[in-house]
Amino acid sequence: MSLLHQSQYLTHFSTKLYLEAYYSNVESDYFRMRLLHEFFRKYSSKWNRGSARLLDFGGGPVILNYISAAPHVAEIVHAAYKDDERKEIELWKNDAEGAYGWNPHIMHVVSELEGLKGNDAWQERAALMRSKIKVVSCNIFDKHPIDPSENPNSFSIVCTSLCLEGACETVDGFKAGIKKLVRLLRLGGYITILFVEDQTYYYIGEEKWASLPISLAQVKEAVEEAGCVVLISERDPMPLKHFENPTYDDAKACVFLAAYKVKE
Ligand SMILES: C[S@@+](CC[C@H](N)C(=O)[O-])C[C@H]1O[C@@H](n2cnc3c(N)ncnc32)[C@H](O)[C@@H]1O
């Protein structure tokens, strides 16, 4: 089977299949949700929640990066590369028929991690998220990776997950992408990156996609060269059965990293 490459996302990436393949089992996202929960618990007092803006860059059709964030920011800008990814987020934002079901994830964050029991709490969180989302397009290879009217340097938090290792073909390209994202942050703003370590491919159904193998050390170097100081980095190694039978992908670990911007 031929390998699909970074330049083929617009024409070949199956948004619905991606959701089914990677987001139908809430447990596989426990690591990401716990780390984001801990990040926002620890650092959200550092910015003004009445004015702070969060950008999820390359968010695709996925709302996971800002479940914990929603009470701590004024606006959530969800930037997605593909038209059908943006439509998917709009469907969810409007609570429309056919929208992907994120309730198990929201329940896990609100009820289990935050300890707010009962149906009202997680339903209120979903409503709060919906009220704050604005959907925009993005392309990491553009001079301005999101619309420049979105005010570069205005974001307090930029989140990105599983995007740059999919979009970039070289480590230098990845580093250039990180620099562009850090440029969107205000001084003292935070970036969180969830990535897969040393992955060369991943499957979406029958489609086999190329991925840039990158290590935690290289990602740390990228954020430091972009003017940030690393605050958190945690690896979640893949289980043994994954190494014995890598049917979905050949990643060695899932890694969460958070850093803050100390210079322009
Ligand atoms: C593996 S998906 C990750 C989606 C989501 N962030 C997540 O956590 O599951 C890779 C994403 O990279 C996006 N992408 C591909 N090329 C891109 C580019 N040039 N600029 C920005 N995003 C891109 C795709 O549209 C896709 O949503």
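What you see below is based on every heavy atom in this structure, not just the backbone, and it leaves out hydrogens, waters and symmetry mates. Order of appearance sets the numbers: ligands from 1, and atoms from 1 within every ligand.
- Between the side chain of K261 and the backbone N or O of V182 there is at least one donor-acceptor pair closer than 3.5 Å.
- Annotation: atom 12 (O) of ligand 1 to nearest protein heavy atom, C163 SG, 3.7 Å.
- Taking every non-hydrogen atom of F141 and a distance limit under 4.0 Å, the qualifying atoms of ligand 1 come out as 19 (N).
- With respect to atom 20 (N) of ligand 1, the closest heavy atom belonging to the protein is I140 N, 3.0 Å.
- Scanning all protein heavy atoms for the shortest distance to atom 14 (N) of ligand 1 gives Y81 CD2, 3.7 Å.
- Checked against a 3.5 angstrom limit, the closest N/O atoms of Y202 and ligand 1 fall outside it.
- Using a distance-only test at 3.5 Å, with no hydrogens or angles considered, no donor-acceptor pair links the side chain of N153 to the main chain of R186.
- The protein heavy atom nearest to atom 7 (C) of ligand 1 is Y23 OH, 3.2 Å.
- Note: Y190 and F39 have perpendicular aromatic rings, judged against thresholds of 30 and 60 degrees for the angle between ring planes.
- Backbone and side-chain nitrogen or oxygen atoms of G58 are examined, and one is located within less than 3.5 angstrom of a nitrogen or oxygen of ligand 1.
- When non-hydrogen atoms are compared, ligand 1 lies under 4.0 Å from the side chain of V62 (C-beta onward) but not from its backbone.
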Test ring-ring contact (aromatic ring centres under 6.0 Å, His included) on Y18 and F13 and set out the steps. CA-CA 8 Å; Y18 177 66; F13 185 76; 5.2 Å; yes
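- Looking at ligand 1, you'll find an N or O of Y18 within less than 3.5 Å of one of its N or O atoms.
- Closest to atom 10 (C) of ligand 1 among all protein heavy atoms lies L162 O, 3.4 Å.
- Here the heavy atom of the protein found nearest to atom 19 (N) of ligand 1 is N139 OD1, 2.9 Å.
- Taking the side chain as every heavy atom from C-beta outward, F195 and L212 never approach each other to under 4.5 Å.
- Proximity of G166 to ligand 1 is not established, as no heavy-atom distance is less than 4.0 Å.
- Among the atoms of P61, none of the N or O lies under 3.5 angstrom from an N or O of ligand 1.
- Using a 4.0 Å cut-off between heavy atoms, R32 contacts ligand 1 through its side chain alone, with no backbone atom that close.
- Summarising the contacts of atom 27 (O) of ligand 1 with R86, E165, E85, the nearest heavy atom is found in E85.
- Formation of a donor-acceptor pair under 3.5 Å by the W47 side chain with backbone atoms of H72 is found in this model.
- Between the side chain of R86 and the main chain of Y81, a donor-acceptor pair closer than 3.5 Å is present.
- N65 and S161 make their closest contact through ND2-OG, 3.0 Å (heavy atoms, listed as atom of the first residue, atom of the second, distance).
- Between K175 and E221 there is a salt bridge, since at least one side-chain N of the basic residue sits less than 4.0 Å from a carboxylate O of the acidic one.
- Ring orientation note: the planes of H108 and Y30 are close to parallel, at an angle under 30° on the 30°/60° scale.
- The nearest non-hydrogen atom to atom 8 (O) of ligand 1, considering only A79, S161, G59, comes from S161.
- Side-chain atoms of E165 come within 3.5 Å of backbone N or O of V196 as a donor-acceptor pair.
- Proximity of Q6 to ligand 1, defined as any heavy-atom pair under 4.0 Å, is not found for any part of the residue.
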